[in-house]
Asks: 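The structure is given below, and queries will be raised subsequently.
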Amino acid sequence: MEKVQGEMEIERWERSEEISEAEKKVIQETWSRVYANCEDVGVSILIRFFVNFPSAKQYFSQFKHMEDPLEMERSLQLRKHAQRVMGAINTVVENLSDPEKVSSILALVGKAHALKHKVEPVYFKKLTGVMLEVIAEEYADDFTPEMHTAWTKMKTLIYTHVTAAYKEVGWAQYPNATL
């Protein structure tokens with residue numbers, strides 16, 4: 001861990017690296033295939049997220065008591081949330097060449113999750129990690145090292161922008177907050 005401008009400690013990988021034009025193209029090409037099957041991929045991402053990090057379910061009254069992945073898969077509420085998650089990521093991917101729009105989209109997501117839902121920001125790091133795992137597995141035959149690098153930058157971009165919104169609304173003042 002290192003100090004960043006005397007503020008909070010964040011891990012070195014959490015600082016957003018510039019995504020090159022070639023990497024943006026790789027992300028957008030990969031995403032077009034992912035998004036063609038967005039509901040199933042989104043559900044797969046959320047199920048793995050909740051199986052690997054069951055404490056994340058505490059924020060979802062509709063399915064927080066579900067343990068069985070098949071039951072989760074059939075949950076209409078989980079499917080609707082998966083669609084919202086995939087829709088937000090789609091909007092970010094579509095606007096990768098417009099940094100202000102990306103920042104605005106992710107700020108809205110961050111503020112809603114900080115203020116309305118009271119979700120700890122560490123869950124965004126976990127969720128984006130699961131997203132990368134699922135995409136890499138679903139498209140393993142052609143998930144090149146270049147694709148992995150580009151998607152790792154995308155994962156970091158999402159997390160850093162969302163947590164910036166948490167900082168903006170004063171999340172660090174809450175007890176036990178983890179950024």
Side-chain angles (χ1 to χ4, degrees), residues 10-53 56 59-60 63 69 72-114 117 119 121-166:
I10 60 174
E11 295 175 30
R12 186 178 304 268
W13 73 269
E14 291 173 353
R15 287 190 284 157
S16 190
E17 288 184 56
E18 187 75 24
I19 299 175
S20 72
E21 290 304 315
E23 289 167 331
K24 289 175 188 174
K25 186 176 182 195
V26 165
I27 290 167
Q28 290 169 331
E29 287 173 355
T30 309
W31 186 253
S32 69
R33 290 185 286 156
V34 171
Y35 200 65
N37 194 17
C38 76
E39 186 175 341
D40 290 338
V41 175
V43 168
S44 293
I45 290 168
L46 287 185
I47 289 172
R48 178 164 316 169
F49 176 60
F50 292 135
V51 167
N52 291 352
F53 307 101
Y59 301 106
F60 298 91
F63 46 86
M72 286 184 226
E73 186 176 355
R74 289 189 298 265
S75 166
L76 184 59
Q77 292 86 2
L78 187 135
R79 288 187 163 281
K80 285 182 179 180
H81 194 68
Q83 289 174 335
R84 283 192 298 274
V85 169
M86 297 297 278
I89 295 168
N90 187 60
T91 305
V92 169
V93 170
E94 287 178 343
N95 291 285
L96 280 175
S97 294
D98 186 347
E100 288 83 25
K101 179 113 182 189
V102 167
S103 184
S104 174
I105 294 160
L106 294 173
L108 288 172
V109 170
K111 288 175 184 174
H113 284 79
H117 307 298
V119 175
V122 70
Y123 287 108
F124 282 93
K125 183 193 303 184
K126 294 173 180 182
L127 179 62
T128 56
V130 169
M131 177 186 75
L132 180 59
E133 287 173 14
V134 169
I135 292 171
E137 289 171 13
E138 293 280 329
Y139 302 94
D141 291 343
D142 50 13
F143 202 77
T144 64
E146 293 80 17
M147 289 172 79
H148 190 273
T149 298
W151 275 96
T152 298
K153 288 182 180 182
M154 176 70 169
K155 172 182 88 158
T156 305
L157 176 134
I158 292 169
Y159 179 71
T160 55
H161 279 75
V162 168
T163 55
Y166 273 76

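Any value given below was found using the heavy atoms of this structure, including those in side chains, with hydrogens, waters and symmetry copies removed. Since we're looking at a predicted model, the values are computed, not measured.
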Asks: Under the side chain to side chain contact (heavy atoms under 4.5 Å, CB included) criterion, do Ile135 and Met147 qualify, and how do the steps go?
Replies: CA-CA 10 Å; Ile135 292 171; Met147 289 172 79; over 6 Å; no
Asks: Minimum heavy-atom separation for Pro121 to Tyr159, with atom names?
Replies: O-CE1, 3.4 Å
Asks: So, does His81 use its side chain to make a donor-acceptor pair with the main chain of Gln77 at under 3.5 Å?
Replies: no
Asks: Check for a donor-acceptor pair, side chain of Thr163 on one end and backbone N or O of Tyr166 on the other, with a separation under 3.5 Å.
Replies: no
Asks: Output every pair passing salt bridge (Lys or Arg N to Asp or Glu O under 4.0 Å) with a member in residues 24-42, not counting sequence neighbours, ordered by first then second residue.
Replies: Glu21-Lys24, Lys25-Glu29, Arg33-Asp142, Glu39-Arg79
Asks: Please round to the nearest 0.5 Å and tell me the distance separating atom CD1 of Ile27 and atom CG of Leu157.
Replies: 8.0 Å
Asks: Which value, rounded to the nearest 0.5 Å, describes the distance between Met154 atom CE and Ile19 atom CD1?
Replies: 6.5 Å
Asks: For residues Val92 and His161, determine if any side-chain heavy atom of one lies less than 4.5 Å from a side-chain heavy atom of the other.
Replies: no
Asks: How long is the span from the NZ atom in Lys155 to the CD1 atom in Ile89, to the nearest 0.5 Å?
Replies: 13.0 Å
Asks: Does the side chain of Met131 come within less than 4.5 Å of Val85's, by heavy atoms?
Replies: no
Asks: Can you list the residues that meet the side chain to side chain contact (heavy atoms under 4.5 Å, CB included) rule with Ser104, with sequence neighbours excluded?
Replies: none
Asks: Main chain of Val93, side chain of Gln28: is a donor-acceptor contact present, judged purely on distance under 3.5 Å?
Replies: yes
Asks: Nearest 0.5 Å, what's the CD1-CG distance between Ile158 and Leu106?
Replies: 6.5 Å
Asks: Shortest non-hydrogen contact from Pro69 to Val51?
Replies: CG-CG2, 4.0 Å
Asks: So Ile47 and Glu73, do their side chains get closer than 4.5 Å, heavy atoms only?
Replies: yes
Asks: Do the non-hydrogen side-chain atoms of Leu96 and Glu23 ever get within less than 4.5 Å of each other?
Replies: no
Asks: Holding to side chain to side chain donor-acceptor pair (under 3.5 Å), I want the full list of residues that pass it with Lys80, two or more places apart in sequence or in another chain.
Replies: none
Asks: Could you pull out the closest heavy-atom pair between Tyr35 and Gly87, with the gap in Å?
Replies: OH-CA, 4.1 Å
Asks: Return the CD to CH2 distance between Glu133 and Trp151, rounded to the nearest 0.5 Å.
Replies: 14.0 Å
Asks: What orientation do Phe50 and Phe60 show, parallel under 30°, tilted 30 to 60°, or perpendicular over 60°?
Replies: perpendicular
Asks: What's the separation between atom OH in Tyr139 and atom OG1 in Thr144, rounded to the nearest 0.5 Å?
Replies: 14.5 Å
Asks: Between Lys101 and Ile105, is there a side-chain heavy-atom distance shorter than 4.5 Å?
Replies: yes
Asks: Compute the centroid of each ring, for His113 and then for Phe124, and state whether the two points are separated by less than 6.0 Å.
Replies: yes
Asks: Which heavy atom in Val162 sits nearest to a heavy atom in Gly110, and how many Å separate them?
Replies: CG1-CA, 3.8 Å
